Amino acid sequence: MASTDTATGTNAGAERIAAAFANKAGRAALMPYLMGGFPDVETSRAIGLAYADGGADLVELGVPYSDPLADGPVIHEAGTKALAAGATVDDVLDICGTLAERLPVVLMCYANLVLARGVDTFVGTAVDAGASGLIVPDLPLEEAPEILAACDAAGLALVPLVAPTTPDERLRAIGTRARGFLYTVSVAGTTGERAGSRESFAPILERARAATSVPVALGFGIATPDAAAAAADAGADGVIVGSRLVREAAEAADPPAAVRAVVTDLAAALRT
Amino acid sequence: MTTTPEAAVEHRYGPYGGQYVPETLMPALAELETAWVAARADAGYREELNVLLRDYVGRPSPLYLAERLSEAAGREVWLKREDLNHTGSHKINNALGQALLAKRMGKGRIIAETGAGQHGVASATACALLDLECIVYMGAEDIRRQRPNVQRMELLGATVVSVESGARTLKEAVSEAIRDWVTNVATTHYIIGSAVGPAPYPAIVRELQRVIGDEARVQILERRGRLPDRVLACVGGGSNAIGTFAGFYGDPAVKLVGIEAAGEGIETGRHGAPLTVGGQAGVLHGALSALLQSPEGQILEAHSVSAGLDYPGSGPEHAWLRDEGRATYVAVGDTDALAAFREVSRLEGIIPALETAHAFHHILHGDGGGSEIDLLCLSGRGDKDLAEVLARG
Ligand SMILES: Cc1ncc(COP(=O)(O)O)c(C=O)c1O
């Protein structure tokens, strides 16, 4: 298959992601997370477009899943509600198609949804829907070869995660197989808004950068313009904001307008 | 399928198993595997565990020829009395072994999930004994239907955390325990309660539970002078079954039969019988195995009157034993299990766990398959189920 250990320029999805990082508006690319189908399919489509309007450089589009082990309560509940409202994988891919006209879309999708559809079929439909990348939060290096090969062959960047607990040698092995960018988890834990731990951003990012040639994005726990700016100052090429925005979508009377305001503030913090 | 003490721990059983977990946990799984391989080769660890199993748990558990039951079934039925263990089920074998392992690893905080509450009680017991902090995740629905076990856990010093998501049963409790582990992995060991989860857990749990099968094999040869025709056990995640079966892997003439929960009936879709039903394998709680899922790959809720069998997944080794034809799996529904619960109580003066009652129904009323000697793992006692059973009339 087309799988190689070189990390850059292997496919069309990776190239579109690389361009988004290269042409980012601020000091770091802003990548907000969206739960597809939450609170309903059309509102979540509007939320994604509001992210683009607010100044997002890329968007991470979550596919709702029954058992999201890497997610904290806010995203877990949003996924549960999206499923209860009837959201399907195809609904989310349809949203992907809309958003991909505006900015690169990276799908966040648990392994079983990929396996259930069949790896090649899933990857093919994601590419057809305009996705540039795929994050599978429960697919460590050891389980990744089949999906990585399919993604490489189809032109979808398989974005791996590294954690603070990942040892250096393992980090390098993951870093060399990273496509698009390296998703660097800022804390041991699930997704969710967190206050502290900014001092650790710089060493975590430094370690990740030493292990890969693709851009390094920091995520999990980043919720405020301040924290986003701190991540950029600490050397992040990209900043991922998830639970803060999903919470906004859950609580606001007018979710698209509300998330747009939050994204605008985040983008502004990365520009100054 | 058997491993020598020096061999690495298997990660796959045919296509099943693996480690589908967030990256944060991968180093912890590697650390656990290294610690386990060292511990099981260490005479000191084995001695410490064996002494506790003997003096504290009461092993070896008796093998009992249930004569009135045999008469009703039309064949000899031997019961491996795990219900007589301290804490009342087989779960203590695994919980003690893993708690000792955690202590060796220097992890002072233990988390566990529980469905019927038996694994929670076993973990809380082991933690009290070894002076470890213990947090048990339990679905709100299971807290309701297994109340006495919640009270026992709290008395033993454990903190029981109610899990409110999804169907509020075992699947969600495992998920919450895994999320806790992702967050507190540096200080915490997760004592998983069945032969499920990412490698190396299914292998560790089987090795700690195979004391059931190993003892039973020696006992039946001593008492009866021959091996049983069938070895049976109920299957939730599959720990008592895999531990019992493992003792007979080397005896191809011995049929291995696992009994799952048919809940309200296989045809209703409301059951806990992924191995019996078949269908596409999928990933749940870190392993690829037989499970209940929608065509899209969303995990479905299981249904069973018995909290310990109310789980949509199954241990990966069972899926492989099934595919290989080494073991067969059948399912027994709620109504039949409830009837067998009462029947066995009257016949033998033994109130079995509702989980095991499923297997008793199969022995009493299912296809005997030409067997003359059955050996059943009586995985636990039924005190915990009294309120639930009596409430159902
Ligand atoms: C008495 C008893 N038997 C069986 C089970 C099912 O678990 P497993 O399949 O892991 O043995 C349980 C689980 O709670 C139990 O308490």
Side-chain angles (χ1 to χ4, degrees), chain A residues 63-73 76-77 79-80 82-84 87-92 109-118 122 136-144 160-167 169-171 173-174 182-192 194 220, chain B residues 11-12 15 17-31 163-168 170-188 197-199 279-289 291-301 312-313:
Chain A
V63 183
Y65 181 54
S66 54
D67 295 81
L69 289 183
D71 286 305
H76 183 187
E77 194 183 337
T80 304
L83 291 173
T88 64
V89 174
D90 286 330
D91 288 334
V92 179
C109 182
Y110 283 85
N112 198 50
L113 299 178
V114 179
L115 299 176
R117 191 167 276 216
F122 185 94
V136 185
D138 55 349
L139 191 79
L141 181 65
E142 287 76 1
E143 309 299 351
L161 294 102
V162 292
T165 54
T166 308
E169 199 177 315
R170 182 173 172 82
L171 198 70
I174 297 169
L182 185 60
Y183 193 134
T184 307
V185 175
S186 72
V187 288
T190 52
T191 56
R194 281 182 193 82
F220 280 46
Chain B
H11 285 204
R12 290 274 177 182
Q19 298 178 305
Y20 298 87
V21 294
E23 170 62 21
T24 306
L25 291 182
M26 291 300 287
L29 292 175
E31 181 192 4
V163 179
E164 305 284 347
S165 51
R168 310 187 304 165
L170 181 55
K171 171 173 81 94
E172 310 302 335
V174 177
S175 294
E176 268 324 290
I178 292 175
R179 290 190 187 99
D180 177 313
W181 202 32
V182 171
T183 307
N184 300 297
V185 61
T187 59
T188 300
Q280 192 179 333
V283 169
L284 176 62
H285 296 142
L288 183 79
S289 190
L291 55 72
L292 306 178
Q293 60 180 327
S294 75
E296 278 221 318
Q298 306 291 353
I299 309 302
L300 300 176
E301 302 296 351

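So you know, we letter chains A, B, ... as the sequences are listed, proteins then strands, and number each from 1. Note: hydrogens, waters and symmetry copies are ignored here, and every other heavy atom, side chains too, is used. Worth saying up front: this structure is predicted, and the values here are computed from it rather than measured.
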Closest-packed option against chain B by number of heavy-atom pairs under 4.5 Å, given L139(A), V162(A), T88(A), D90(A):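 Winner by heavy-atom pair count: T88(A).
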
If we define contacts as heavy-atom pairs under 4.5 Å, which of A28(B), G286(B), G166(B), S175(B) has the most with chain A?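 Between A28(B), G286(B), G166(B), S175(B), the count favours S175(B).
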
Between E296(B), H285(B), Q280(B), E172(B), which residue shows the highest count of heavy-atom pairs closer than 4.5 Å to chain A?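 Option with the greatest count: E296(B).
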
Is it the side chain or the backbone of [X] that comes within 4.5 Å of chain A heavy atoms, both, or neither?
| X | value |
| --- | --- |
| P295(B) | backbone |
| E301(B) | neither |
| L300(B) | neither |
| S294(B) | neither |
| I299(B) | both |
| P22(B) | both |

Hey, does the side chain of D138(A) reach the backbone of A111(A) with a donor-acceptor pair shorter than 3.5 angstrom? yes

Can you tell me if N112(A) uses its side chain to pair, donor with acceptor, with the backbone of V283(B) under 3.5 Å?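 Yes; at least one donor-acceptor contact below 3.5 Å.
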
Where does T190(A) contact chain B at under 4.5 Å (heavy atoms): side chain, backbone, both or neither?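 For T190(A), backbone and side chain are both near chain B.
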
Tell me, for P68(A) versus chain B, whether the close heavy atoms (under 4.5 Å) come from the side chain, the backbone, both or neither.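 Contact with chain B: backbone and side chain both.
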
Quick one: does [X]'s side chain get under 4.5 Å of [Y]'s, heavy atoms only?
| X | Y | answer |
| --- | --- | --- |
| C109(A) | V114(A) | yes |
| L69(A) | V182(B) | no |
| T80(A) | S165(B) | no |

Return the set of residues passing side chain to side chain contact (heavy atoms under 4.5 Å, CB included) with P140(A) (not counting sequence neighbours), or none when no residue passes.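 If we apply the side chain to side chain contact (heavy atoms under 4.5 Å, CB included) test to P140(A), skipping adjacent residues, the hits are E142(A), E143(A), R170(A), E23(B), M26(B).
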
Tell me whether the rings of Y110(A) and Y65(A) are parallel (<30°), tilted (30 to 60°) or perpendicular (>60°).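 Y110(A) and Y65(A): parallel rings.
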
Picking from K171(B), R168(B), E176(B), what satisfies side chain to side chain contact (heavy atoms under 4.5 Å, CB included) with V163(B)?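 Result: among K171(B), R168(B), E176(B), E176(B) is the only option passing the side chain to side chain contact (heavy atoms under 4.5 Å, CB included) with V163(B).
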
